[in-house]
Amino acid sequence: MTTPVLPRKNLHIVAAAVPLAGWTVHAVALHRRLHEAGRDQLTGALRRESWTPRAQRLVNRYRSKAMVLICDVDHFKRFNDQFGHTVGDQVLADTAARITEWAGSHGIVGRLGGDGGDEFIVVTRISARRRALRLGQLMQVLREPITTDDGRQVDVAVSVGAAAPDTTGTRNLSQLMRLADVAMFEGKHTGAAVQAGPEHAGVKSANGRRVGRLGTHAVARAA
């Protein structure tokens with residue numbers, strides 16, 4: 001049987017299409033990498049440097065309805081020690097997913113501390129009259145056990161502190177984060193989210209950690 005021969009014109013079209021297809025795949029992959037560059041690969045949360053400018057813009061836009069949160073996974077080291085790093089990774093990923101869903105389309109979630117971080121930062125829009133309700137809903141979601149890939153139920157607790165411009169007197173993101181951090185340590189291991197108020201403004205440290213410059217981490221970390 002004679003092998004069909006493509007007309008010369010068609011050969012030129014095929015030859016041109018091969019590198020074009022290759023460049024298209026490359027462009028898509030490059031776009032995906034650039035899109036994901038600002039996100040933590042494990043949890044999908046924004047990295048600190050990507051979260052910060054977006055968060056300040058949201059605070060400026062939402063004004064008195066803005067709320068900044070610090071969420072810290074309690075006793076995180078025990079997950080790695082007792083169950084292994086795979087379970088520890090799952091705890092972080094599931095916790096981030098729960099916080100992200102709670103924050104909704106008006107919020108953004110970041111991860112503090114890079115690859116080893118067990119803290120998340122959030123800014124979202126919540127009216128003053130709904131804050132207590134919404135924070136209660138968040139705590140309820142975060143205390144639900146996480147089911148591991150092998151079917152085990154792992155109990156998780158997360159400490160949460162929150163700060164809003166109208167109760168703290170500032171729309172400066174660094175100050176709101178510092179106050180949320182102070183509030184978080186005040187409620188550490190209590191199972192209740194704490195909202196920062198004027199009384200938290202003068203606190204210089206929380207549980208051994210200097211909070212004046214959150215992110216220049218810790219003199220000593222809580223368990």
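Quick note: numbers below take in every heavy atom, side chains included, and nothing from hydrogens, waters or symmetry partners.
Pairs engaging residues 50-61 under the salt bridge (charged side-chain N to carboxylate O under 4.0 Å, His left out) rule: none recorded [sequence neighbours left out]. The side-chain hydrogen bond (donor to acceptor under 3.5 Å, both in side chains) pairs that include a residue from residues 88-97 number zero, where partners must be two or more places apart or lie in different chains.
Every side-chain contact (heavy atoms from CB on, under 4.5 Å) that A164 has, sequence neighbours left out, goes to M67, R131, D166, T167. With sequence neighbours excluded, no residue satisfies side chain to side chain donor-acceptor pair (under 3.5 Å) with E199. Listed by chain and residue number, F83, V91, T148, R152, V154 satisfy the side-chain contact (heavy atoms from CB on, under 4.5 Å) test with V87 (two or more places apart in sequence, or in another chain).
Side-chain contact between V158 and F120: absent, with no pair of heavy atoms (C-beta onward) separated by less than 4.5 Å. Looking only at side-chain heavy atoms (C-beta outward), R171 and N60 come within less than 4.5 Å of each other. Within the 4.5 Å cutoff, no side-chain heavy atoms of Q56 are placed close to those of T52. Side-chain contact between K65 and H106: absent, with no pair of heavy atoms (C-beta onward) separated by less than 4.5 Å. A heavy-atom distance below 4.5 Å is found between the side chains of W51 and L173.
Between the side chains of S159 and D74, at least one donor N or O sits under 3.5 Å from an acceptor N or O.
Across every non-hydrogen atom of A103 and T124, the tightest pair is O-OG1, 3.0 Å. For the residue pair I108 and A55, the shortest heavy atom distance occurs at CD1-N, 3.6 Å. Contact detail for S50 and G38: the closest heavy-atom pair is OG-CA, 3.2 Å. Of all heavy-atom pairs spanning G88 and F79, the tightest one is CA-CB, 4.0 Å. The two residues A66 and P165 come nearest to each other via the heavy atoms O-CD, 3.2 Å. Residues A183 and A196 share a closest heavy-atom pair of CB-N, 3.9 Å.
Note that CG of D181 is 11.0 Å distant from NE2 of H200, once rounded to the nearest 0.5 Å. Note that CZ of R111 and OG1 of T43 are 5.5 Å apart. Values are rounded to the nearest 0.5 Å. The OG1 atom of T170 lies 8.0 Å from the CG atom of L179; values are rounded to the nearest 0.5 Å. Here S64 contributes atom OG and I126 contributes atom CD1; the two are 12.5 Å apart, rounded to the nearest 0.5 Å. Between the CG atom in D72 and the NZ atom in K188 there is a gap of 3.0 Å [rounded to 0.5 Å].
In the hydrophobic cluster analysis, where Ile, Leu, Val, Met, Phe, Trp and Tyr join through side-chain heavy atoms closer than 4.5 angstrom, L46 is grouped together with I121. When hydrophobic clusters are built by joining Ile, Leu, Val, Met, Phe, Trp and Tyr residues whose side-chain heavy atoms come closer than 4.5 Å, directly or via intermediates, L135 is grouped together with V73.
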Please output the side-chain donor-acceptor pairs of residues 136-147 that fall under 3.5 Å, not counting sequence neighbours, one pair per line with the distance.
from	atom 1	to	atom 2	distance (Å)
Q137	OE1	R134	NH1	3.3
R143	NH2	G191	O	3.0
T147	OG1	Q153	NE2	2.5

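Within the 3.5 Å criterion, the main-chain N or O of G44 finds a donor-acceptor partner in the side chain of R39.
D81 pairs in a side chain to side chain donor-acceptor pair (under 3.5 Å) with only one of the listed residues (K77, R78, H85), which is K77. The side chain to side chain contact (heavy atoms under 4.5 Å, CB included) test with L176 is passed by exactly one of V68, V123, L69, I70: V68.
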